[in-house]
Number of protein chains: 2
Amino acid sequence: MKKKERHQLLRQLVQQETIRKQEDFVNKLLDRGIEVTQATISRDIKELQLIKVPAKDGGYQYNLPPEMNYNISKKLGRLMKDAFVSIDTQKEFVLVKTLPGNAFALGTLIETANYKEVFGCISGDDTVLIICRDEESAERFQRRIISFI
Amino acid sequence: MKKKERHQLLRQLVQQETIRKQEDFVNKLLDRGIEVTQATISRDIKELQLIKVPAKDGGYQYNLPPEMNYNISKKLGRLMKDAFVSIDTQKEFVLVKTLPGNAFALGTLIETANYKEVFGCISGDDTVLIICRDEESAERFQRRIISFI
DNA sequence: TAATATACTGTATAATTATACTAGAAGAAG
DNA sequence: CTTCTTCTAGTATAATTATACAGTATATTA
């Protein structure tokens with residue numbers, strides 16, 4: 001487990017789970033068989049610029065950095081409305097066609113959004129290939145994306 | 001010094017000064033002759049949902065809540081471009097005319113932005129009256145606002 | 001390869017932040 | 001005014017987070 005992978009995982013965790021303190025991270029990682037200490041998490045958090053947000057419900061919760069977290073879906077929506085051409089799925093793959101030059105931006109947004117359905121994605125000039133976790137995820141993800149248009 | 005006032009002040013401080021830890025708040029307030037303890041600040045921060053952001057430069061810094069902080073000026077810019085009609089100053093007052101129905105939104109944004117020149121503001125349907133700290137502030141604020149158009 | 005520099009992480013602990021508890025202040029109701 | 005309730009805030013301390021230090025690993029250079 002390299003630092004980069006761990007960081008990636010932390011970004012996912014912070015979106016999928018409720019992380020109230022750094023030890024929660026430690027434990028979630030432990031669940032996945034990854035051993036790290038709170039100190040390491042503290043440093044990771046600093047590098048990733050994760051923030052601890054006072055929640056409405058009285059507690060606290062870690063979150064993605066504001067710029068990253070804020071209105072990604074709004075940006076996605078705008079870009080989709082502007083540049084979407086077509087979409088199709090095949091097994092666990094989703095292929096989105098965009099107007100020329102827009103695929104990279106779309107791919108970046110999709111990666112940043114960190115959807116749990118998505119395993120990874122590759123962007124060309126007018127095509128984004130999204131590799132989902134499985135067939136079902138791909139369909140769910142397709143619906144998600146289409147709903148932006 | 002009521003809690004509300006202190007909260008208001010904290011919002012200003014967090015924008016005008018570099019606050020690295022809660023004690024910095026305590027000290028800044030002390031500078032202004034207001035005595036509170038770190039515990040109170042901690043509770044204030046929770047209520048205001050201020051966040052502690054890992055800064056690029058290695059340290060940490062408190063910030064406004066993401067939604068509030070994020071791109072207020074972008075919103076202001078958009079609204080000004082859309083709805084601005086005229087502006088004028090008189091002593092420490094600035095009067096902005098907007099298209100009907102837009103003044104309230106503008107006023108809210110101006111208040112949220114927490115410009116240090118601004119003492120307060122009142123919005124009608126197509127007019128926002130901004131009361132600045134003094135004549136000079138009013139002019140500075142006018143320039144600020146005009147630059148959005 | 002050896003030497004040196006750089007990156008990563010755990011341990012221990014310092015630094016910071018949150019909160020249980022308590023008490024006084026400010027209001028509301030009688 | 002008295003009693004009850006709610007809100008605030010300080011004190012002391014628990015809980016959480018950051019970091020100095022040291023060791024190991026990994027990369028870089030000669």
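Keep in mind that what you see is a predicted model, and the values were worked out from it rather than measured. Per chain, numbering begins at 1; letters A, B, ... match sequence-line order.
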Inset, instruction - List the steps, then state whether side-chain hydrogen bond (donor to acceptor under 3.5 Å, both in side chains) holds for B:Q22 with B:Q38. - result: CA-CA 6 Å; B:Q22 302 186 352; B:Q38 172 268 325; 2.9 Å; yes

Legend entry - Side-chain N or O of B:S42 closer than 4.0 Å to phosphate OP1/OP2 of C:dT17: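 No, B:S42 has no side-chain N/O under 4.0 Å of OP1/OP2 on C:dT17.
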
Legend entry - A:Y62 side chain near D:dT17 phosphate (N/O to OP1/OP2, under 4.0 Å): yes

Would you kindly give the [atom1]-to-[atom2] distance between [X] and [N], to the nearest whole Å?
{"X": "B:K4", "N": "C:dA26", "atom1": "NZ", "atom2": "P", "answer": "16 Å"}
{"X": "B:Q22", "N": "D:dG10", "atom1": "CD", "atom2": "P", "answer": "13 Å"}
{"X": "A:I19", "N": "D:dT17", "atom1": "CD1", "atom2": "C1'", "answer": "15 Å"}
{"X": "B:E23", "N": "C:dT17", "atom1": "CD", "atom2": "C1'", "answer": "11 Å"}
{"X": "B:I41", "N": "D:dA9", "atom1": "CD1", "atom2": "P", "answer": "10 Å"}
{"X": "B:L10", "N": "D:dA9", "atom1": "CG", "atom2": "P", "answer": "11 Å"}
{"X": "A:Y60", "N": "D:dT16", "atom1": "OH", "atom2": "C1'", "answer": "11 Å"}
{"X": "A:Q61", "N": "C:dT17", "atom1": "CD", "atom2": "P", "answer": "20 Å"}

If the threshold is 4.0 Å, N to carboxylate O, is there a salt bridge linking [X] and [Y]?
{"X": "A:R43", "Y": "A:E47", "result": "no"}
{"X": "B:R133", "Y": "B:E92", "result": "no"}
{"X": "B:R32", "Y": "B:E5", "result": "no"}

Legend entry - Rounded (10°) bend between the five-pair end axes of the helix from C:dT1-D:dA30 to C:dG30-D:dC1: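 End-to-end axis angle: 40°.
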
Legend entry - Any B:T108 side-chain heavy atom under 4.5 Å of B:S123 side chain: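 In short, these two side chains do not touch, never coming nearer than 4.5 Å.
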
Inset, instruction - Please tell me if the side chains of A:L95 and A:I87 come closer than 4.5 Å, counting only heavy atoms from C-beta onward. - result: no

Legend entry - Strand contacts (DNA chain D) in residues 25-32 of chain A, 4.0 angstrom heavy-atom criterion: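 Listed by number, there are none.
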
Inset, instruction - Treating Ile, Leu, Val, Met, Phe, Trp and Tyr as nodes and any side-chain heavy-atom pair under 4.5 angstrom as an edge, say whether B:F104 and B:V94 lie in one connected cluster. - result: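 No, separate clusters.
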
Legend entry - Cluster check B:F25, B:L9: I/L/V/M/F/W/Y, side chain < 4.5 angstrom: yes

Inset, instruction - Could you tell me the separation between the CG atom of B:L10 and the NZ atom of B:K28, rounded to the nearest 0.5 Å? - result: 13.0 Å

Anything under 3.5 Å between a protein N or O and an N or O of nucleotides 5-15 of chain C, put it in a table, one pair a line.
residue: C:dC8; atom: OP2; partner: A:K3; partner atom: NZ; Å: 3.1
residue: C:dT9; atom: OP1; partner: A:R6; partner atom: NH1; Å: 2.7
residue: C:dT9; atom: OP2; partner: A:R6; partner atom: NH2; Å: 2.8
residue: C:dG10; atom: OP2; partner: A:T37; partner atom: N; Å: 3.4
residue: C:dG10; atom: OP2; partner: A:T37; partner atom: OG1; Å: 2.8
residue: C:dG10; atom: OP2; partner: A:T40; partner atom: OG1; Å: 2.2
residue: C:dG10; atom: N7; partner: A:R43; partner atom: NH2; Å: 2.8
residue: C:dG10; atom: O6; partner: A:R43; partner atom: NH1; Å: 3.2

Inset, instruction - Please answer whether the main-chain N or O of B:R20 pairs with a side-chain N or O of B:Q61 as donor and acceptor at a distance below 3.5 Å. - result: no

Inset, instruction - Using modelled atom types only, decide if a donor and an acceptor are shared between the side chain of A:N27 and the backbone of A:D24 within a distance under 3.5 Å. - result: no

